[in-house]
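What follows is one structure encoded as structure tokens, with my remarks underneath.
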Amino acid sequence: MQQLIDRFLGYVKIDTQSNPESNTTPSTEKQWNLALELVSELKSIGLEDVTIDNHAYIMATLPSNIDKPVPTIGFIAHFDTTPDFSGFNVNPQIIKNYDGKDIVLNAERNIILSPDYFEDLLLYKGQTLITTDGTTLLGADDKAGIAEIITAMEYLIKHPEIKHGKIRIAFTPDEEIGRGAHKFDVEKFGAQWAYTMDGSQIGELEYENFNAAGAKVIIKGKSVHPGYAKGKMVNAINIANEFMSILPMEETPEHTTGREGFFHVHHMQGEIEHAQFELIIRDHDREKFEERKVLVTKITEKLNSIHGDCISIEIKDQYYNMREKVEPVMYIVEIAKRAMESIGIKPIIKPIRGGTDGSQLSYMGLPCPNIFAGGHNFHGKYEYIPAQSMVQAVGVIVKICEITADKA
């Protein structure tokens with residue numbers, strides 16, 4: 001376990017935050033720092049066909065060690081971290097034999113990781129937890145997945161008695177900004193199916209996710225002296241607020257769960273003459289997803305009719321529910337389920353309230369369910385991961401390889 005922990009800690013200390021405002025791939029130069037280290041590490045443990053392309057997509061092969069046709073399968077993780085919270089100067093804390101009480105992440109700033117608020121902590125009493133120091137995220141999303149995949153490949157290399165087919169692995173940039181699969185070469189990868197190691201709680205096994213779109217709303221106003229503004233001023237800030245007030249108040253992330261969709265305004269800036277905001281649109285049901293986009297368009301049309309064509313809107317689809325592509329090959333989910341059960345893990349099959357590289361890859365011809373990496377509270381200072389969950393994730397990867405070969 002210590003080798004796995006050390007490998008993970010080395011990754012999280014390298015800042016790989018992505019940037020949605022950039023047009024390059026990877027979106028930040030600093031992502032190369034970890035990418036190049038990973039290439040070196042993959043070669044050092046004995047993997048073959050280790051490549052990295054001009055956009056920092058990494059691929060490698062563990063050759064088959066069995067004398068019969070076996071499906072080529074893959075495992076995928078991403079090395080960027082979210083732009084929503086700092087990933088610079090990550091200083092992980094190791095909490096051994098967790099006692100189920102509050103964890104002081106940062107005494108000076110009074111930042112507490114408490115089971116009173118984060119009840120899942122109590123699932124891990126007696127285990128080793130890795131937390132932040134309260135000033136950054138941790139980066140288990142998805143550097144834990146990378147550590148688990150590499151550790152599993154290293155284990156298979158050292159234990160040739162475990163029979164498996166050809167295994168392909170890949171690590172991608174820019175997943176956190178929705179571009180992780182945009183330049184992924186599915187044909188080069190050459191797997192019949194794959195698994196992203198990008199889930200949360202131990203046991204998670206997911207093959208459906210949100211349909212997703214992003215919208216940018218721009219409002220042009222007119223500024224005049226407020227004392228003489230009647231009938232003349234057009235306050236872009238007020239119109240932006242009016243637009244957001246028409247969106248269903250209970251259909252936001254903080255009010256929804258399970259398969260319930262939402263609208264989420266996540267950035268806003270404004271002055272009297274110019275205001276803009278960005279929102280994301282999410283729903284597991286494709287029909288309801290389309291209805292949500294129509295509603296946003298109708299709000300725009302309504303307010304333009306009132307305020308004089310001052311609003312422009314751009315809506316872009318980001319990804320779709322992978323369930324449509326995975327259901328015809330449900331045996332790949334069953335293999336993962338069987339792998340978990342064989343090492344004593346109860347599968348938690350539920351929809352992802354988000355997306356992974358796998359959602360896009362499934363539509364690119366590579367069916368790709370998602371498996372737990374083990375972390376909790378991603379994208380913020382309360383992020384943590386139990387070390388034992390990472391160990392179990394390694395076990396699941398190994399078992400999937402073994403079961404796939406056995407079933408062939």
Side-chain angles (χ1 to χ4, degrees), residues 1 3-12 14 16 18 34 38 58 74-82 85 87 90 92 118 120-121 123-124 127-132 137-155 169-173 175-176 180-181 194-207 209 322 333 336-337 339-340 343 345-359 361 368-380 382-401:
M1 183 167 73
Q3 182 188 28
L4 175 58
I5 292 174
D6 291 343
R7 176 171 275 147
F8 172 66
L9 294 180
Y11 299 160
V12 301
I14 301 173
T16 56
S18 49
L34 179 54
L38 292 173
I58 300 167
F75 296 91
I76 300 169
H78 65 91
F79 49 78
D80 69 312
T81 61
T82 180
F85 208 82
V90 174
F118 300 107
D120 286 341
L121 277 166
L123 297 172
Y124 307 109
Q127 297 191 25
T128 296
L129 303 184
I130 305 172
T131 75
T132 74
L137 51 66
L138 180 60
D141 180 13
D142 187 27
K143 292 170 184 176
I146 294 174
E148 292 153 5
I149 292 170
I150 293 179
T151 301
M153 295 303 103
E154 187 174 36
Y155 185 86
I169 68 170
F171 304 134
T172 68
E175 189 269 356
E176 294 291 1
Y195 303 92
T196 49
M197 301 299 298
D198 195 18
S200 182
Q201 177 181 347
I202 184 170
E204 284 189 3
L205 174 56
E206 301 148 327
Y207 63 92
N209 58 276
M322 74 172 98
V333 177
K337 181 181 176 183
M340 290 186 191
I343 59 174
I345 298 172
K346 182 179 179 181
I348 303 171
I349 300 177
K350 64 179 185 178
I352 307 170
R353 286 186 62 77
T356 68
D357 281 343
S359 57
L361 291 170
C368 203
N370 191 45
I371 293 172
F372 72 91
H376 289 259
N377 304 340
F378 293 152
H379 296 193
Y382 297 107
E383 186 181 3
Y384 72 92
I385 189 167
Q388 284 84 348
S389 295
M390 295 176 66
V391 172
Q392 292 285 69
V394 173
V396 170
I397 295 170
V398 170
K399 276 294 181 182
I400 287 174
C401 297

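- Residues I349 and Y207 are in side-chain contact: their nearest non-hydrogen atoms beyond the backbone lie under 4.5 Å apart.
- For the pair I202 and P386, the minimum side-chain heavy-atom distance is 4.5 Å or more.
- Within the 4.5 Å cutoff, no side-chain heavy atoms of I397 are placed close to those of Y155.
- Checking side-chain atoms of K143 against main-chain N and O of I14 turns up a donor-acceptor pair under 3.5 Å.
- A 4.5 Å side-chain heavy-atom check between F75 and I400 finds at least one atom pair inside the cut-off.
- To the nearest 0.5 Å, atoms CG (L138) and CD1 (I130) are separated by 7.0 Å.
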Stepwise side-chain contact (heavy atoms from CB on, under 4.5 Å) check, F372 with I348: CA-CA 9 Å; F372 72 91; I348 303 171; over 6 Å; no
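- Panel note: side chain E383, backbone A140; a donor-acceptor pair is recorded below 3.5 Å.
- Side-chain contact check for I371 versus L205: some heavy-atom pair is nearer than 4.5 Å.
- Atom-to-atom distance recorded for I58:CD1 and I146:CD1 is 7.0 Å, nearest 0.5 angstrom.
- Contact of the T356 side chain with the I76 side chain is not registered, since no non-hydrogen atoms from C-beta on lie closer than 4.5 Å.
- In this structure, CD in E175 is found 8.5 Å from OG1 in T196, a value given to the nearest 0.5 Å.
- Distance CE/M340 to CD/E204: 9.0 Å, rounded to 0.5 Å.
- Annotation: the span from Y384 atom OH to D120 atom CG amounts to 5.0 Å, rounded to 0.5 Å.
- Residues Y11 and L38 are in side-chain contact: their nearest non-hydrogen atoms beyond the backbone lie under 4.5 Å apart.
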D198 vs D141, test: side-chain contact (heavy atoms from CB on, under 4.5 Å). Steps then yes/no. CA-CA 7 Å; D198 195 18; D141 180 13; 2.9 Å; yes
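- The minimum heavy-atom distance linking S389 with G374 is given by the pair CB-CA, 3.9 Å.
- Here the side chains of I150 and F171 are in contact, with some heavy-atom distance below 4.5 Å.
- What you find for G380 and T132 is that their closest heavy atoms are O-CG2, 4.3 Å.
- Judged by distance alone, the side chain of S18 and the main-chain N or O of T81 form a donor-acceptor pair under 3.5 Å.
- Judged by distance alone, the side chain of D80 and the main-chain N or O of E176 form a donor-acceptor pair under 3.5 Å.
- The aromatic rings of Y382 and F118 are tilted relative to each other, their planes meeting at an angle between 30° and 60°.
- At least one donor-acceptor pair under 3.5 Å links the side chain of T16 to the backbone N or O of F79.
- Nearest heavy atoms, L4 versus A147: CD1-O, 3.7 Å.
- Between the N209 side chain and the M322 main chain, a donor and an acceptor come within less than 3.5 Å of each other.
- The shortest non-hydrogen separation linking A339 to V396 is CB-O, 4.0 Å.
- Here the shortest heavy-atom pairing between I345 and G203 reads CG2-CA, 3.7 Å.
- Judged purely by atom type and a 3.5 angstrom limit, Q388 uses its side chain to pair as donor or acceptor with the backbone of T128.
- Side-chain N or O atoms of T151 include none that pairs as donor or acceptor with a backbone N or O of E148 at under 3.5 Å.
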Derivation of the side-chain contact (heavy atoms from CB on, under 4.5 Å) call for R7 and E154: CA-CA 12 Å; R7 176 171 275 147; E154 187 174 36; 3.1 Å; yes
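- The two residues G145 and A373 come nearest to each other via the heavy atoms N-CB, 4.1 Å.
- Note: T172 OG1 to D357 CG = 3.5 Å, rounded to the nearest 0.5 Å.
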